Amino acid sequence: MTNMTATKTIVPVIVAGDPSLTSTTEQIIALSEAGAKLVAVSVPFSDPVGDGPAIQAADVRALAAGTNLPGIFSAIEAARTKTQVPIQLTIYANLAYKYGDEKFAKKCASLGVTDVLVLDLPGQEDDPLPGALAAGVNLVAVVTTNSLGHVAPIVADAKNFIFVMPIPGSGPEATAAQLQQLVPEIRQHTDLPVIAEIGLPITPVPAPILDQVDGVYLDTIFPAVAAEAGQDAPAKLQAVFKQLQG
């Protein structure tokens, strides 16, 4: 793997419970020690619609191992004994609803979960989850190709960063083209960093993509490394992050 410029933020994505929740705790600590500014912890879900093959495969392994949301919270709590790295929890709305909106929000805040990315949050204004999170956790603003011409209200109340999600399965050229449309409109309405989800198994991230954004959210590389490494995942992920960061 070739390193990337250190001027860009790399957000490593790990799937909680793959290969175990103990490993999840160790992975968070290892990535923090490697210099990660934000670690994205994906909650496994049985029917993912916004994830690529690497995360879907990790979801299957994690669920087979009995991973659930209370266990993930315990893994994060254990990590907090050694690191205060910002953590993003990536989740499907139904899991948060089942846990309880207010209970979920309070638990995230108490564990120092700084950001929550809900992959399928309904668009209704009366949805209870955004209000519950507002007290202490950033609900990540998500911009997609469907957002063209309507970015302003999406980013109006955003905090920390803007998350850009190209069409799943897009190759490098298509991803770059989508960002060329989305990023200029985003920058018209906010000065927050723009971080793009990159579902590519290749490194380095192609310059036409990297040059347009402030950071990348790598949701294929780290789950794939963890799958191959097994119980050695924490050390392997740490080494990969250091190499990518340069």
Side-chain angles (χ1 to χ4, degrees), residues 3-16 18 23-43 50-51 54-55 58 72-73 75-91 96 105 107-119 121 133 136-143 155 157-166 183 186 190-200 203-205 209-210 212-223 225-226 233-234 237-246:
N3 65 41
M4 295 165 55
T5 172
T7 62
K8 304 292 182 177
T9 298
I10 297 174
V11 180
V13 178
I14 63 174
V15 175
D18 184 35
S23 180
T24 298
T25 296
E26 295 170 350
Q27 289 174 41
I28 293 170
I29 295 169
L31 288 165
S32 171
E33 291 174 346
K37 304 302 183 186
L38 175 68
V39 176
V41 178
S42 181
V43 178
D51 298 318
I55 286 187
I72 294 168
F73 282 140
I76 294 173
E77 185 174 17
R80 284 295 181 228
T81 64
K82 293 189 176 180
T83 178
Q84 294 304 310
V85 66
I87 291 175
Q88 172 192 295
L89 203 62
T90 304
I91 193 169
K107 190 66 174 179
C108 286
S110 72
L111 293 174
V113 173
T114 52
D115 305 274
V116 170
L117 172 60
V118 184
L119 292 167
L121 186 67
L133 290 169
V137 182
N138 173 45
L139 179 63
V140 177
V142 180
V143 175
V155 304
D157 297 320
K159 301 175 183 177
N160 300 344
F161 61 93
I162 307 300
F163 181 81
V164 182
M165 186 162 59
V183 175
I186 293 170
T190 180
D191 293 328
L192 289 173
V194 176
I195 297 180
E197 178 185 39
I198 306 298
L200 303 173
T203 57
V205 175
I209 295 174
L210 197 61
Q212 299 185 67
V213 295
D214 303 296
V216 288
Y217 180 100
L218 300 179
D219 67 354
T220 296
I221 293 171
F222 291 94
V225 170
L237 294 182
Q238 185 179 73
V240 168
F241 185 89
K242 287 180 176 179
Q243 195 167 12
L244 287 171
Q245 187 70 75

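Just so we're clear, the structure is a prediction, and the values are computed from it rather than from any experiment.
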V216 versus L210: any side-chain heavy-atom pair under 4.5 Å? yes
Nearest heavy-atom contact between P193 and N160 is CD-O, 3.4 Å
Set out, in order, the CA-CA distance, both residues' side-chain angles and the distance that settles side chain to side chain contact (heavy atoms under 4.5 Å, CB included) for T114 and V137, then state yes or no. CA-CA 5 Å; T114 52; V137 182; over 6 Å; no
Are the side chains of V116 and V118 in touch, meaning some heavy atoms are under 4.5 Å apart? yes
With a 4.5 Å limit on heavy-atom distance, are the side chains of F222 and V13 in contact? no
Given side chains that start at C-beta, do those of L237 and V240 come closer than 4.5 Å, heavy atoms only? no
Side-chain atoms of residues 83-91: list all donor-acceptor pairs with protein atoms under 3.5 Å, sequence neighbours left out, distances to 0.1 Å.
{"residue": "T83", "atom": "OG1", "partner": "S32", "partner atom": "OG", "Å": "2.6"}
{"residue": "T83", "atom": "OG1", "partner": "V85", "partner atom": "N", "Å": "3.1"}
{"residue": "Q84", "atom": "NE2", "partner": "R80", "partner atom": "O", "Å": "3.0"}
{"residue": "Q88", "atom": "NE2", "partner": "T90", "partner atom": "OG1", "Å": "2.8"}
{"residue": "Q88", "atom": "NE2", "partner": "Y217", "partner atom": "OH", "Å": "3.1"}
{"residue": "T90", "atom": "OG1", "partner": "Y217", "partner atom": "OH", "Å": "3.0"}

Test of understanding: with side chain to side chain donor-acceptor pair (under 3.5 Å), list the residues that count as partners of N138, not counting sequence neighbours. D115
On a heavy-atom basis, the closest approach of K8 and Q245 is O-NE2, 3.6 Å
Who are the side chain to side chain donor-acceptor pair (under 3.5 Å) partners of D214, not counting sequence neighbours? R187
Could you tell me if the side chain of L117 sits less than 4.5 Å from the side chain of V142, heavy atoms only? yes
Could you tell me the separation between the CG atom of L133 and the CG atom of L139, rounded to the nearest 0.5 Å? 5.5 Å
Of L38, T190, V194, T9, the residue whose pairing with F161 passes side chain to side chain contact (heavy atoms under 4.5 Å, CB included): L38
